[in-house]
Protein chains: 2
Amino acid sequence: MSKKQIIMEKALELFAKQGFESTSIQQITDYCGISKGAFYLSFKSKDQLIIALIDHFMEEFISDIDHLVKTSNDDALLYTFYHTILQSFRKHSDFGKLLIKEQTHTLNDELLEKLHYYNNEMDKIILYLIERQYGEEIKHTKYDLMYCIKSFTGMYSELFLFNSVPLDLDLNLLSQSLVEKTSILATHTTITFISEEIVQLSKLQTKKEIKKEEIIHLLEQKIEDIKDAITKESLILLKQHILERNLSPAIVTGLIKNLQNHPDCKWISYLLRGACHLS
Amino acid sequence: MSKKQIIMEKALELFAKQGFESTSIQQITDYCGISKGAFYLSFKSKDQLIIALIDHFMEEFISDIDHLVKTSNDDALLYTFYHTILQSFRKHSDFGKLLIKEQTHTLNDELLEKLHYYNNEMDKIILYLIERQYGEEIKHTKYDLMYCIKSFTGMYSELFLFNSVPLDLDLNLLSQSLVEKTSILATHTTITFISEEIVQLSKLQTKKEIKKEEIIHLLEQKIEDIKDAITKESLILLKQHILERNLSPAIVTGLIKNLQNHPDCKWISYLLRGACHLS
DNA sequence: TATAATAATGACTAACCAGTCAATTGTCAA
DNA sequence: TTGACAATTGACTGGTTAGTCATTATTATA
């Protein structure tokens with residue numbers, strides 16, 4: 001494991017326990033058994049460390065949920081959605097705590113923009129899920145349903161993240177319970193409160209869009225890092241396609257599928273699906 | 001306005017904007033136009049300031065909601081509940097921000113215990129509301145409904161507290177929308193997830209119970225402060241009753257009603273209602 | 001007006017922190 | 001073994017912080 005990874009792992013533990021601001025670099029480096037100077041060989045600043053943590057976990061989280069929502073069969077869709085989110089929060093409980101603590105607390109502009117961006121991507125996925133599950137019938141209340149789904153995952157995550165008593169909750173039952181609630185609300189809600197307009201206004205905060213150049217840059221990095229021949233060639237071909245749009249949709253879809261299995265290519269494959277207008 | 005009140009008001013503004021930890025005493029005193037030393041004439045420490053703020057607003061909030069839930073007529077109960085909470089969050093938006101920011105973030109044990117205590121009181125009120133509104137029919141899913149109600153108020157409060165675009169939301173419509181959702185869930189939910197046991201385990205964290213001596217102490221303080229004759233005599237009689245249990249329920253109820261109108265006696269009247277086993 | 005009591009000040013202390021960099025240690029090829 | 005290069009260290013800098021306290025200003029009283 002690289003020094004960078006060790007620092008991230010140990011720092012996450014401390015951040016979850018004490019919060020970001022209340023944890024000093026000295027504490028982190030002591031906990032890692034390295035010197036203070038060594039920290040700055042891996043990270044430019046303390047802020048860059050938390051950004052790296054947020055990126056690392058959110059990229060995995062978003063691409064996993066997106067992939068699952070787009071491939072799961074209709075019957076299991078909602079259940080799988082909730083179950084995956086809850087399981088992820090349980091597995092990475094330290095990150096969950098960090099995320100909830102820093103969500104409203106941060107003053108760092110770059111981090112704030114990142115959090116808005118990921119939040120926005122999550123909204124998109126939930127909306128896609130709602131449209132797929134309930135179609136046209138629900139169009140008047142779909143944004144309200146989106147907020148309800150977000151409320152549910154938020155509240156119940158806090159329940160087992162911030163409980164000093166370690167509740168060994170039955171995520172299977174919890175997921176079923178949330179599926180039921182969601183379906184009930186989808187079927188019976190008549191009053192629209194969250195309008196298209198409110199959603200648009202909230203989104204104004206998210207200026208950041210992933211640019212073509214950023215995708216190219218990420219691709220080039222991955223092309224250097226990845227050893228596996230098929231994955232590497234897929235990356236090279238996709239980079240060319242982004243620049244020249246020279247491949248047919250079927251080929252592009254296939255190439256992206258090649259990336260999906262490689263654990264280090266989840267995020268780039270998520271971005272490429274967006275950039276190539278595929279789902 | 002006393003110096004203490006000025007400090008609390010100005011500090012709240014800064015805390016809402018920058019967070020508690022990122023706001024220095026110097027900043028607060030500069031903003032108040034007083035010296036740093038003067039701060040310590042009003043508050044023993046920085047921590048005591050945030051505790052005073054949390055107490056001040058939560059006491060008002062809890063006693064208002066409780067009073068309303070116990071006096072509102074059945075038809076309007078749920079609507080009034082949501083509307084009051086949302087209006088309160090809008091009116092005291094700075095406090096709302098502070099509360100949400102510090103809820104998960106604090107390391108101060110005294111404050112943590114307070115937050116647990118108020119959270120627990122709020123749970124009690126919501127449960128009372130659910131039992132009054134839906135009675136026995138819902139006993140299997142009442143705790144789940146409680147969590148849903150908390151999710152709704154939480155999510156929608158964040159919506160208008162942390163939106164950089166000032167959304168002038170129609171709280172009337174929003175309350176109606178939440179009432180509808182709550183009723184739908186109450187009527188149709190079949191799966192129980194939050195069991196009595198889970199609620200009890202979560203409550204274990206809240207060791208703190210308001211003790212008889214604390215109520216007596218608070219009563220004595222109020223007796224000194226309050227000028228109004230009727231209010232003052234009511235306080236004196238109630239103090240005697242707490243010590244000697246010498247008054248009939250009707251008299252006690254009446255005396256507590258006397259306190260309800262006095263703005264400085266909301267909290268003591270809430271505590272007395274609990275201590276005298278009245279609702 | 002004089003005196004006592006109270007309120008307010010702000011320079012000061014001791015502790016902490018992010019980030020730097022000259023000096024030291026470790027590595028590896030010649 | 002040597003020397004060149006890279007990795008690592010931790011004392012140090014410049015800055016901030018909560019809280020204190022001797023001094024000063026203000027007010028009330030006689």
Side-chain angles (χ1 to χ4, degrees), chain A residues 1-55 98 101-102 105-114 224-225, chain B residues 1-56 98 101-102 105-112 114 224-225:
Chain A
M1 195 161 38
S2 76
K3 188 139 293 172
K4 202 164 172 166
Q5 280 175 299
I6 294 170
I7 294 173
M8 282 171 75
E9 203 172 274
K10 296 292 187 184
L12 181 58
E13 255 185 79
L14 295 172
F15 289 164
K17 223 181 292 168
Q18 314 173 333
F20 175 70
E21 282 194 276
S22 307
T23 305
S24 68
I25 303 286
Q26 191 69 64
Q27 252 183 300
I28 296 169
T29 51
D30 285 353
Y31 196 38
C32 291
I34 59 172
S35 71
K36 203 171 167 194
F39 173 88
Y40 289 91
L41 298 174
S42 297
F43 294 96
K44 243 184 72 232
S45 70
K46 197 186 172 192
D47 281 346
Q48 289 305 309
L49 166 59
I50 194 174
I51 286 171
L53 279 168
I54 299 275
D55 274 342
L98 174 67
K101 284 184 177 184
E102 296 311 313
H105 208 274
T106 186
L107 290 171
N108 178 323
D109 279 347
E110 188 182 350
L111 181 53
L112 213 64
E113 212 169 79
K114 291 242 175 214
E224 278 202 25
D225 294 348
Chain B
M1 195 159 41
S2 75
K3 189 139 292 170
K4 201 163 173 168
Q5 280 176 299
I6 294 170
I7 294 173
M8 282 171 75
E9 203 173 273
K10 296 292 186 184
L12 181 58
E13 254 186 80
L14 294 172
F15 290 163
K17 223 181 292 167
Q18 314 171 332
F20 175 69
E21 283 195 274
S22 307
T23 305
S24 68
I25 304 284
Q26 191 69 64
Q27 249 183 302
I28 296 168
T29 52
D30 285 355
Y31 196 37
C32 293
I34 60 172
S35 71
K36 204 172 166 193
F39 173 89
Y40 288 92
L41 297 174
S42 297
F43 295 95
K44 241 185 74 232
S45 69
K46 198 186 172 192
D47 280 348
Q48 288 305 309
L49 166 60
I50 194 174
I51 286 172
L53 279 168
I54 300 274
D55 273 342
H56 177 260
L98 174 66
K101 282 185 178 182
E102 295 310 314
H105 207 274
T106 185
L107 289 171
N108 178 324
D109 278 347
E110 188 183 349
L111 181 53
L112 213 65
K114 291 242 176 216
E224 279 202 24
D225 294 349

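Sequence lines set the chain letters: A, B, ... in the order given, protein chains first and strands last, and positions in each chain run from 1. This is a predicted model, so every value here is computed, not measured. Side-chain atoms are counted along with the backbone in the values below, which use heavy atoms only and exclude waters and symmetry mates.
- The separation between Tyr40(B) atom OH and dT17(D) atom P is 12 Å, rounded to whole Å.
- The stretch residues 3-34 of chain B touches DNA chain D through Thr23(B), Ser24(B), Ile25(B), each having a heavy atom within less than 4.0 Å of the strand.
- When side chains are defined from C-beta on, Ile7(B) does not count as touching Lys10(B), because their heavy atoms never get closer than 4.5 Å.
- Rounded to an integer number of Å, the gap from Phe39(A) CZ to dA18(C) P is 9 Å.
- Rounded to the nearest 0.5 angstrom, Ile51(A) CD1 and Asn108(A) CG are separated by 5.0 Å.
- Here the side chains of Leu53(A) and Phe20(A) are not in contact, with every heavy-atom distance at 4.5 Å or above.
- At least one donor-acceptor pair closer than 3.5 Å links the side chain of Thr29(B) to the backbone N or O of Ile25(B).
- A donor N or O paired with an acceptor N or O is not found under 3.5 Å between the base of dG19(C) and the side-chain atoms of Lys46(A).
- Here the C1' atom of nucleotide dT9(C) and the CG atom of Leu41(B) are 10 Å apart, to the nearest Å.
- A residue-by-residue look at Gly37(B) and Gly37(A) shows that Gly37(B) has its nearest nucleotide of DNA chain C further toward the 5' end.
- Two residues are said to be in side-chain contact when any heavy atoms from C-beta on lie closer than 4.5 Å; Ile50(A) and Leu98(A) meet this criterion.
- Between the C1' atom of dA22(C) and the NZ atom of Lys36(A) lies a distance of 16 Å, rounded to the nearest Å.
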Solution key, residues 32-43 of chain A side-chain donor-acceptor pairs under 3.5 Å, sequence neighbours excluded:
residue	atom	partner	partner atom	Å
Ser35(A)	OG	Ala38(A)	N	3.3

